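Below: the structure, in structure tokens.
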Amino acid sequence: MKPFFLFIGKIILVLLLTAFALDFIYTSVFAKSETRNKVENVINSKRQNYDVIILGTSRANNHFVSELFEKEGLKTFNYGMSGAHLFETSLLLKLMVERGWEIKNVIVETDLNLSNEKRDDGTFGRFMPFIHKSETITNHFKKEADFTELYYVPFYRYIQFDAKVGFRAWYKTLVNELTNSLANDGYYPLGFNPKANMKNNIESLVPLRNRYFEEIKQICKSSNINLIAVTTPMCSNVKGMEYFKKVKALYPEIKEYEHVVAGDQYFSSCGHLNDKGARLYTTKIIEDLFKK
């Protein structure tokens with residue numbers, strides 16, 4: 001019986017050593033990357049200086065044209081991330097501040113994303129290689145139900161979030177394969193899709209006194225950043241547009257822009273403007289909020 005337990009012990013030891021080794025190898029590669037995605041770009045960045053930073057979901061990523069801000073002399077980058085919730089948006093801003101970025105204005109898309117306080121696992125996974133590198137990331141994730149295993153079990157986080165930080169992502173990062181994530185100063189333009197579904201139903205959504213939006217407000221206040229919270233356009237055939245009235249009632253400071261682009265020809269899908277629509281929307285934002 002003793003040789004059997006000794007054999008099992010050796011297997012466990014080998015597995016642990018392998019997990020620690022793989023964890024170190026993966027983390028070392030991701031820790032040096034600045035060009036694969038927006039999370040790595042912020043975490044591995046040097047101190048930056050911006051007039052305008054844009055944060056939010058794909059409805060920020062696809063709607064705010066950085067180039068148009070730049071033409072007005074405003075150094076701008078769009079850090080909107082497809083799939084992100086305010087959980088990740090708040091953390092990204094915390095990391096910018098942690099790294100000493102000087103930011104004059106932060107535009108935050110605050111509309112449909114106010115309806116939940118959950119994490120988005122797709123975006124969440126991109127932070128995993130850095131959970132031991134940044135106390136800010138550690139503290140932000142501490143209340144998550146799976147924090148203990150993600151933080152303490154070697155290599156577990158890379159297995160759990162394989163789609164975002166698994167072998168494929170690790171290899172592409174190792175060989176420095178370029179992506180379009182940081183192109184166009186972060187703005188991702190969409191084309192016109194004649195077959196797109198121009199209907200949506202948001203009747204079930206209820207805006208919350210959102211913990212992570214409250215964090216964003218506090219971060220901006222303490223860091224002397226001008227916070228501009230705005231809604232973004234929806235196509236003409238949406239059920240439940242009363243949602244935006246509830247947003248305004250809950251947060252009167254949020255500026256209403258959900259109706260400023262009219263015509264489905266300006267949309268790539270019901271919730272996302274195409275490039276022409278995004279330029280109309282961004283122009284209106286600049287005229288109203290930066291040309292006073």
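Quick caveat: nothing in here was measured; it's all calculated off a predicted structure.
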Quick one: which residue pairs count as a ring-ring contact (aromatic ring centres under 6.0 Å, His included) with a foot in residues 84-103, not counting sequence neighbours? Tyr50-Trp101, Tyr79-Trp101, Phe87-His140, Phe87-Phe141, Phe87-Tyr212
Please report the shortest heavy-atom distance between Pro154 and Ala19, naming the atom on each side. O-CB, 3.7 Å
Test item: Lys38 side-chain N/O and Gly186 main-chain N/O as donor-acceptor pair under 3.5 Å: yes
Heavy-atom closest pair, residues Pro189 and Asn184: CD-ND2, 3.7 Å
Validation row: Val230, Thr110 side chains within 4.5 angstrom (heavy atoms): no
Where at least one partner belongs to residues 118-127, residue pairs that pass salt bridge (charged side-chain N to carboxylate O under 4.0 Å, His left out), sequence neighbours excluded: Arg119-Asp121, Arg119-Glu144, Arg119-Asp146
Under the salt bridge (charged side-chain N to carboxylate O under 4.0 Å, His left out) definition, can you give me all pairs with a residue in residues 154-164, not counting sequence neighbours? Asp23-Arg157
Residues in salt bridge (charged side-chain N to carboxylate O under 4.0 Å, His left out) with Lys248, at least two apart? none
Judged by atom type as modelled, is there a donor-acceptor pair below 3.5 Å linking the side chain of Ser134 to the main-chain atoms of Thr136? yes
Side-chain touch Pro233/Val260, heavy atoms, less than 4.5 angstrom: yes
Measuring from Tyr158:OH to Leu150:CG, what's the distance to the nearest 0.5 Å? 11.5 Å
Side-chain contact test, heavy atoms from C-beta onward, threshold under 4.5 Å: evaluate it for Val52 versus Lys75 and give yes or no. no
Can you label the angle between the Tyr171 ring and the Phe167 ring as parallel, tilted or perpendicular, going by 30° and 60°? parallel
Against Phe69, only a single residue in Phe77, Phe290, Tyr187 fulfils ring pair (Phe, Tyr, Trp, His ring centres under 6.0 Å); can you say which? Phe290
Take atom CG in Asn49; do more than 12 heavy atoms of anything else shown fall under 6.0 Å from it? yes
Starting from Ile53, can I reach Leu68 by hopping between I/L/V/M/F/W/Y residues whose side chains sit under 4.5 Å apart? no
Report yes or no: does Thr282 contribute a side-chain atom to a donor-acceptor pair with the main-chain N or O of His63 at less than 3.5 Å? yes
Kindly indicate whether the side chain of Asp111, heavy atoms from C-beta on, has any atom under 4.5 Å from the side chain of Glu258. no
What closest approach, in Å, do Leu205 and Ser115 show between heavy atoms, and which atom pair accounts for it? CD2-OG, 3.8 Å
Straight-line distance of Thr232 OG1 to Arg59 CZ, nearest 0.5 Å: 3.0 Å
Considering residues at least two apart in sequence or located in another chain, which fulfil the salt bridge (charged side-chain N to carboxylate O under 4.0 Å, His left out) criterion with Lys32? none
Quick check on Glu253: does its CD atom have over 12 non-hydrogen neighbours (other residues, nucleotides or ligands) under 6.0 Å away? yes
Determine whether the aromatic ring centres of Phe130 and Phe127 lie less than 6.0 Å apart. no
For a 4.5 angstrom cut-off between non-hydrogen side-chain atoms, does Arg209 reach Leu250? yes
Is it the case that the side chain of Ser223 and the backbone of Cys220 share a donor-acceptor pair, with hydrogens and angles ignored and the cut-off at 3.5 Å? no
Under 4.5 Å side-chain linkage, directly or through intermediates, the cluster mates of Phe192: none
Residue pairs involving residues 220-243 (criterion salt bridge (charged side-chain N to carboxylate O under 4.0 Å, His left out); sequence neighbours excluded): none
How far apart are the C-alpha atoms of Leu273 and Asn62, what are their side-chain angles, what is the distance that settles it, and do they pass the side-chain contact (heavy atoms from CB on, under 4.5 Å) test? CA-CA 7 Å; Leu273 295 166; Asn62 305 136; over 6 Å; no
Should the ring pair Phe124 and Phe161 be called parallel, tilted or perpendicular, given that the plane angle runs from 0 to 90° and is split at 30 and 60? tilted
Taking only residues two or more places apart in sequence, or in another chain, which ones meet Phe20 in a ring pair (Phe, Tyr, Trp, His ring centres under 6.0 Å)? none
For Asp51, does its backbone N or O pair with a side-chain atom of Asn105 as donor and acceptor, under 3.5 Å? yes
Run the side-chain contact (heavy atoms from CB on, under 4.5 Å) check on Lys104 and Asn226 step by step: do they pass? CA-CA 6 Å; Lys104 293 181 181 177; Asn226 180 40; over 6 Å; no
Minimum heavy-atom distance between Ser222 and Ile219, given as atom pair plus value: OG-O, 3.1 Å
Indicate, with yes or no, if Phe64 and Leu86 share a hydrophobic cluster defined by side-chain heavy-atom contacts under 4.5 Å among Ile, Leu, Val, Met, Phe, Trp and Tyr. no
I'd like to check the ring pair (Phe, Tyr, Trp, His ring centres under 6.0 Å) partners of Tyr151; sequence neighbours left out, ordered by chain and number. His132, Phe147
Got a second to check how far Leu182's CG is from Glu40's CD, nearest 0.5 Å? 9.0 Å
Mark yes or no for whether Asn210, through its side chain, and Asn116, through its backbone, hold a donor-acceptor pair below 3.5 Å. yes
Could you state whether Phe155 and Val165 fall into the same hydrophobic cluster, counting links through intermediate Ile, Leu, Val, Met, Phe, Trp or Tyr residues with side-chain heavy atoms under 4.5 angstrom apart? yes
Can you confirm whether Asn61 sits close enough to Asn78 that some side-chain heavy atom of one is under 4.5 Å from a side-chain heavy atom of the other? yes
Quick one: do the Ser236 and Asp264 side chains pair a donor with an acceptor below 3.5 Å? yes
May I ask you to decide if Gly277's main-chain N or O and Asn274's side chain share a donor-acceptor pair within less than 3.5 Å? yes
Under 4.5 Å between side-chain heavy atoms, hopping through other hydrophobics if needed: is there a path connecting Ile54 to Val42? no
Tell me who clusters with Leu190, hydrophobic residues only, linked when side chains sit under 4.5 Å apart either directly or through other members. Tyr188
Sorted by first residue and then second, give each ring-ring contact (aromatic ring centres under 6.0 Å, His included) pair with at least one member in residues 237-279; sequence neighbours left out. Phe213-Tyr251
Report yes if the side chains of Ile107 and Leu55 come closer than 4.5 Å at any heavy-atom pair, otherwise no. no
Measure the shortest side-chain to side-chain distance between Arg36 and Lys172 over non-hydrogen atoms and say whether it is less than 4.5 angstrom. yes
Has Ser66 got a side-chain atom pairing as donor or acceptor with Asp185's backbone, closer than 3.5 angstrom? yes
How long is the span from the CG atom in Leu289 to the NZ atom in Lys284, to the nearest 0.5 Å? 9.5 Å
Looking only at the side chains, is there a donor atom on one of Asn44 and Lys133 sitting less than 3.5 Å from an acceptor on the other? yes
What distance separates Leu208 CG from Arg211 CZ, expressed to the nearest 0.5 Å? 12.5 Å
Residues in salt bridge (charged side-chain N to carboxylate O under 4.0 Å, His left out) with Glu117, at least two apart? none
Provide the closest heavy-atom pair for Gly80 versus Ala60 in the form atom of the first, atom of the second, distance. CA-CB, 4.2 Å
Drop me the distance from Ile131's CD1 to Ile137's CD1, to the nearest 0.5 angstrom. 7.5 Å
Closest heavy-atom pair and its distance - Arg99, Ile43: NE-O, 2.7 Å
Verify same cluster id: Val108, Leu114 (apolar side-chain graph, 4.5 Å): yes
